[in-house]
Structures are given as structure tokens and as C-alpha cells.
A.B. asks: 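Let me give you the structure first, and then I'll get to my questions.
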Amino acid sequence: MGLRLLLISTPVGPLSSGLGGGVELLLTNLVQVLQDRGHRITVVAPDQSVLPLPVQLVTLPGQWQPTAHTASRTMAVIQPEPSVLSAMWDYARQVQGDYDLILHVAYDWLPFYLTTFFTTPIAHFVSMGSLTEAMDHVITQVARTHPGTLGLCTHTQAQTFPDLESYFPLGGGLDLALYDYCETPGPDLAWVGRISPEKGLEDAIAVAIASQTPLKILGKLENEAYWHELQAKYPDAPVTYLGFFPTQEMQAHLRTCRALVMTPHWVEAFGNVAIEALACGVPVIAYRRGGPAEIVRHGQTGWLVEPDSIPGLVTALSNIDALDRRACRRQAETEFSMAALGDRFEQWFQHILHP
Ligand code: HBI
């Protein structure tokens, strides 16, 4: 089925900057697994993007999109010009005839609105839950006019959108060869993600203080003001911010931790860091909210906790040794492998091209 695929990246920052969060990891894994299956891929992304893979990469200039996850629900659509988003889609318009399918991963109004103006089918990967009225409107509109072309991570994510009629559940997947299983961890807890209010880092810091457990923080320092607020509020917390790392180094820090703690204040569409932890044998303690609630097997590969309950997280941490780290690795191997990822995306593409 060797398809000619045009993958259009997120306009919030260059690939490998970390600004694209889980979508950067998804694109990297997708390119690998789909190329291995004989598809020919071109990636379109903002200037300065880097992909550690032998793939055709078209980079375009222009201003990045303001992030949707910091928008208010009623905020109007914003597109600073000259915009990298419109540059990427003008490029796609010009070359669309050379491709069988366009896949985009932007959480922005324009690509959804342009769907009817394109002749080549567009597969829309929706990377987050409902955030604004404008995006809800255009996403549910495309679900109606182009049924089957919306790919979401989880059912929980889909339920955040008002009457989303049709979507294809995609889950996630990793190159498990990059993650080294660790049988005997150190004492530390880990928190991994973009440092931004919706990720709820303050709750993980509260757990570290309440349980007197050292916390390693890894991820893109996206919101400096928020980070400084936390440092001022918890000056003596046993926490260390290690930085943002490519996968190999990130997992080297993550794998030796006793548990990953996930404290999302929003509905996390998926939670790539949860499957990265499982891949290393690290059990996951998470609020029963969003993607992690569909990933973690409660009592086997982690503990799911009453949302926003710090005491609940602390209790879960005290029971972490009841979990089998090898079961965590096994779950990643059975549910979140590259083969599973490739199968789901190929099924979705077939569903779009041959409904
Ligand atoms: N915001 N406007 C906008 N567009 C995106 O593509 C986008 C975003 N915020 C976050 C984001 N993408 C990525 O971090 C996803 O992985 C969630």
C-alpha cells in the first residue's frame, strides 16, 4: 500500500524544540514506522526544525502560532502574519497533487477550515481535548463534512468535544528499543512534561514534600513565570529540574525512578510520558483524568487516583512497591509498540482512502 504521505507538523515551534510536546515524538515515531512499511514521506515544518531521521524535510519561515492550550475558551482565532501555518498550508496546496494523503497534527483552525478546498484527502490528528469554542466548532464541522478523517488519541479526549460524531481512536506508540528496562530503581519520583500550568506540576511538588521523596523534573521549561512561581512557593521542596532532553537521555533519567507521577489539571489527550515510563518498567501514579486513565492498569502497572487529591497521590506512592515493574514493560510491549502504532495509523488511512 506504499502511500505518498505529506506530514504537516505543528506550527507552535520547530521540531526538536520541545514546544510541540508529544506531537514531536509522535511525528518522529510515525515517520520511522511508516517508512519501514514502504510509505514515502515528506515532512513540512517550521524553520530550524530537525528530525533525527533520513526523511525529506521541508522547512518554512513565518511566525509561530500562539499555543491553543493557553487560550481562553471564547478566544477568537489568532494567526500572526507572516504565519508559518499559512506558509505550510500554501506549500501543501501547491504540492498536494504529488501525494495520496495529507496528515496534519496542528491544533489550529486553518487546516480544518481548508479541508473542503483541498482535492487530496486530509487526515486530521487532534492532539488535545476541547480547549476553545472556535476549535470545537471547526473540529466538529469537519467530523460532519468529512466523517472518519479525525484521528484522536483516546475516547476520554473525544468526550470533551460537544457531539463529535465520528473519530478514529489512535492511542500511541513508541520505539521500545530506545527505552531500557530498569528492575531496581532509586528513591526518586519523576515528573515529565512541558512545564505549563495545565500540567499541574505544583501537585507533584506537594507530593514530594508530603512524602519527603526527592522529585526529578524533566521537560521543556515552557512557562518561566509559572516555574518561578513554584520555586518561590516551595523553596525547600526536595525537587530538581534536570532540563529537556531527547528521548535517549530523558529515559536514562526516568528509568531509575520509583514511579512517574502525572498530575494533569486538564484532560490530557493521551500522555506519552505514561507509556515512556511503562517502557522503562516505571509504574505510573496518575489522576483518574484523561488519557492516563485509559493507559494505566490500576493496581497492576500503576495507581489511578481521585483527580486533584494530593493525599490520594501520597497513598498511591506508599503502595508503589506492590506493583511489578516487569508488568509495566510488558504492557508497553503489548499495547504501545511501533507495530501497534503503525497498524492503527494504516487502518485509519485505509478508512479515509477507501471508506
Ligand atoms: N497550540 N495553536 C496550537 N497548535 C498546536 O499544534 C499545538 C498547540 N499547543 C500544544 C501543541 N500543539 C503540542 O504540544 C501537542 O503535542 C499537544
Side-chain angles (χ1 to χ4, degrees), residues 7-30 43-46 49 60 62-73 75-81 83-89 92 102-114 122-139 142 150-154 156-158 160-161 170-174 192-200 219-223 226 244 247 250 262 264-276 290-292 341:
L7 302 194
I8 305 184
S9 184
T10 169
V12 294
L15 283 169
S16 295
S17 71
L19 289 169
V23 143
E24 290 189 26
L25 184 64
L26 171 73
L27 268 189
T28 304
N29 291 334
L30 260 185
V43 176
V44 184
S49 287
L60 293 166
Q63 295 186 72
W64 301 343
Q65 278 298 108
T67 55
H69 61 275
T70 52
S72 65
R73 278 216 65 83
M75 189 180 273
V77 174
I78 295 172
Q79 186 161 310
E81 290 292 356
S83 146
V84 69
L85 182 63
S86 48
M88 293 198 287
W89 283 89
I102 297 170
L103 166 67
H104 89 91
V105 299
Y107 195 95
D108 290 278
W109 177 85
L110 184 66
F112 291 94
Y113 179 73
L114 287 177
I122 302 175
H124 300 276
F125 175 77
V126 182
S127 62
M128 295 182 280
S130 165
L131 287 177
T132 64
E133 306 300 330
M135 285 307 291
D136 283 4
H137 176 78
V138 77
I139 287 170
V142 169
L150 291 188
L152 275 73
C153 307
T154 58
T156 321
Q157 175 200 4
T160 63
F161 292 97
L170 291 164
L174 297 172
V192 184
R194 286 181 291 107
I195 297 184
S196 182
E198 74 280 1
K199 298 278 187 177
K220 180 75 182 172
L221 182 34
E222 182 179 290
N223 185 320
Y226 171 61
F244 168 66
T247 299
M250 188 282 289
M262 294 187 78
H265 285 177
W266 67 339
V267 174
E268 190 77 43
F270 184 65
N272 272 308
V273 294
I275 61 175
E276 293 187 288
L341 183 75

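In each ligand, atom 1 is the first atom listed, and ligand 1 is the first ligand listed. Side chains are part of it too, since the values below use all heavy atoms of this structure and drop only hydrogens, waters and symmetry mates. None of the values given here were measured: they were computed from a predicted structure.
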A.B. asks: So, the side chain of Tyr226 versus the backbone of Leu221: is there a donor-acceptor pair under 3.5 Å, distance only?
C.D. replies: no
A.B. asks: Would you check the N or O atoms of Ala106, main chain and side chain alike, for any that come under 3.5 Å of an N or O of ligand 1?
C.D. replies: no
A.B. asks: Using distance alone, determine whether Ala68 and ligand 1 share an N or O pair under 3.5 Å.
C.D. replies: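 There is such a contact, yes.
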A.B. asks: Nearest non-hydrogen atom to atom 10 (C) of ligand 1 belongs to which of His104, Glu24, His69?
C.D. replies: His69
A.B. asks: Quick one: does Ala71 get a heavy atom under 4.0 Å from ligand 1?
C.D. replies: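 No.
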A.B. asks: Tell me whether ligand 1 is touched by Leu26 - counting only heavy atoms on the residue side and a distance under 4.0 Å.
C.D. replies: no
A.B. asks: Should the ring pair Phe112 and His124 be called parallel, tilted or perpendicular, given that the plane angle runs from 0 to 90° and is split at 30 and 60?
C.D. replies: parallel
A.B. asks: N/O of Pro66 under 3.5 Å from N/O of ligand 1, yes or no?
C.D. replies: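 Yes; at least one N/O pair falls below 3.5 Å.
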A.B. asks: Within a distance under 4.0 Å of any heavy atom of Thr10, pick out the atoms of ligand 1 and give their elements.
C.D. replies: 5 (C), 6 (O), 7 (C), 12 (N)
A.B. asks: Can you measure from CE (Met250) to CD (Glu276) and round to the nearest 0.5 angstrom?
C.D. replies: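 Reported value, rounded in 0.5 Å steps: 3.5 Å.
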A.B. asks: Between Asn29 (side chain only) and Gly173 (backbone N and O only), is there a donor and an acceptor less than 3.5 Å apart?
C.D. replies: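 Yes: the side chain of Asn29 pairs with the backbone of Gly173.
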A.B. asks: Checking the N or O distance criterion of under 3.5 Å, is ligand 1 in contact with Ser127?
C.D. replies: no
A.B. asks: For residues Val77 and Ala134, report the shortest heavy-atom separation together with the two atoms involved.
C.D. replies: CG2-CB, 3.8 Å
A.B. asks: With the threshold set at under 4.0 angstrom, would you say Pro11 reaches ligand 1 through any of its heavy atoms?
C.D. replies: yes
A.B. asks: Using a plain distance cutoff, I'd like to know if Tyr107 has any nitrogen or oxygen under 3.5 Å from a nitrogen or oxygen of ligand 1.
C.D. replies: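 Between Tyr107 and ligand 1, an N or O pair is found under 3.5 Å apart.
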